[in-house]
Amino acid sequence: LVEEYLKTKAVSLENVENDPYGMRFNSTKLIRVQTHYGSYINTDAGGSQILINFRNHRTPFRIVSLEEIENNKVNPDWIRGKIILIGMTSPSAKDYVNSAAINSENPALIYGVEVQAHVVSQIVSSVLDKRPMINVWMDEWEYLWIIAWGFLGISLGRIIRSPSKIIIYTAIAGYFLITICYGLLVIGW
């Protein structure tokens, strides 16, 4: 679906060298989940799985009911030049996932068509708008990160003897840790 849409924008799907399942659109590579990928250990990495960078809006996509279509209440501008997904949004269809990653009224009921819309939006936005895909560090960098912050905590406890100063320095370190992690998440890491 994304490939057909991006063809209209003169962007083609290509293979990644030395990776039979790797795909890219021009310079935007779809980062595949590997067997040991971040906190996903011993993951089934077959095929072309990517992490989803969900939109964080209450209603990120326009949803039109069948009743609105039948009663001609659909504005043609809502459809023209857009990607349209058709699917069921009913609990009886049993096509839903449970994810707190989406800011919705009931995170336990995220319909399959909505998840697919997030994936389509992620890939299109990544290619056309340079929205970052979610990526992870190599294991060595993760270990180094954990060791460095652990060493900082041990150092604070060994050097500073005043409990009130330890609390202050720990709060400052925590602030920087949260700020750095949030910044890395915003840029796709």
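In what follows, every heavy atom counts, from backbone to side chain, and hydrogens, waters and symmetry copies are set aside. Everything numeric here is computed off the predicted structure, so don't read it as measured data.
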Under the side-chain contact (heavy atoms from CB on, under 4.5 Å) test, residues paired with Glu142 that sit two or more places apart: Trp137, Asp139

Trp145/Trp149 aromatic ring centres below 6.0 Å: yes

Rounded distance [0.5 Å steps], CD1 in Ile50 versus CE in Met23: 7.5 Å

Pairing residues for Ser125 by the side-chain contact (heavy atoms from CB on, under 4.5 Å) criterion, not counting sequence neighbours: Arg55, Ser121, Asp129, Arg131

Identify all side-chain donor-acceptor contacts of residues 181-189 below 3.5 Å with residues at least two apart in sequence or on another chain.
none

Of all pairs that satisfy ring-ring contact (aromatic ring centres under 6.0 Å, His included), the ones with a partner from residues 73-95, not counting sequence neighbours: none

Ile83-Phe61 co-clustered via ILVMFWY side chain contacts under 4.5 Å: no

Shortest non-hydrogen separation from Met133 to Lys29 and the atoms involved: CG-O, 4.4 Å

Glu67: salt bridge (charged side-chain N to carboxylate O under 4.0 Å, His left out) partners, not counting sequence neighbours: none

Nearest-0.5 Å distance that lies between atom OH in Tyr5 and atom CD1 in Ile123: 13.5 Å

Val127 side chain near Val2 side chain, heavy-atom distance below 4.5 Å: no

Heavy-atom check, side chain of Gln116 versus side chain of Val119, under 4.5 Å: no

Test item: Ile52 and Val115 side chains (from C-beta on) under 4.5 Å apart, heavy atoms: yes

ILVMFWY network linking Trp141 to Leu152, side-chain heavy atoms under 4.5 angstrom: yes

Residues forming a ring-ring contact (aromatic ring centres under 6.0 Å, His included) with Tyr143, sequence neighbours excluded: none

Approximate separation, where rounding is to 0.5 Å, of Glu68 CD and Asn75 CG: 11.5 Å

Distance in Å, Ile180 CD1 paired with Tyr175 OH, rounded so as to fall on 0.5 Å steps: 10.5 Å

Partners meeting salt bridge (charged side-chain N to carboxylate O under 4.0 Å, His left out) with Glu14 (sequence neighbours left out): Arg24

Glu3 to Phe25 - nearest heavy-atom pair and separation: CA-CE2, 4.0 Å

Validation row: Leu6, Leu128 side chains within 4.5 angstrom (heavy atoms): yes

Contacts of Arg161 that satisfy side chain to side chain donor-acceptor pair (under 3.5 Å) - sequence neighbours left out: none

Partner residues of Asn71 under the side chain to side chain donor-acceptor pair (under 3.5 Å) criterion, sequence neighbours left out: none

Check: Gln122 side chain, Leu51 main-chain N or O, donor-acceptor pair, under 3.5 Å: yes

Shared hydrophobic cluster for Ile79 and Val64 (ILVMFWY, side-chain gaps under 4.5 Å): yes

Lys130 atom NZ, over 12 foreign heavy atoms within 6.0 Å: yes

Please set out all donor-acceptor pairs under 3.5 angstrom arising from side-chain atoms of residues 163-173, sequence neighbours excluded.
from, atom 1, to, atom 2, distance (Å)
Ser164, OG, Ser162, OG, 3.1
Thr170, OG1, Ile166, O, 2.6

Hydrophobic cluster partners of Ile147 (side-chain heavy atoms under 4.5 Å): none

Heavy-atom neighbours of Ile86 CD1 exceed 12 at 6.0 Å: no

Fellow cluster residues of Ile63, listed by chain then number, with links counted only when side-chain atoms sit under 4.5 Å apart: none

In one Ile/Leu/Val/Met/Phe/Trp/Tyr side-chain cluster, 4.5 Å: Val120, Val11: yes

Side-chain heavy-atom pair Leu1, Leu85 within 4.5 angstrom cut-off: yes

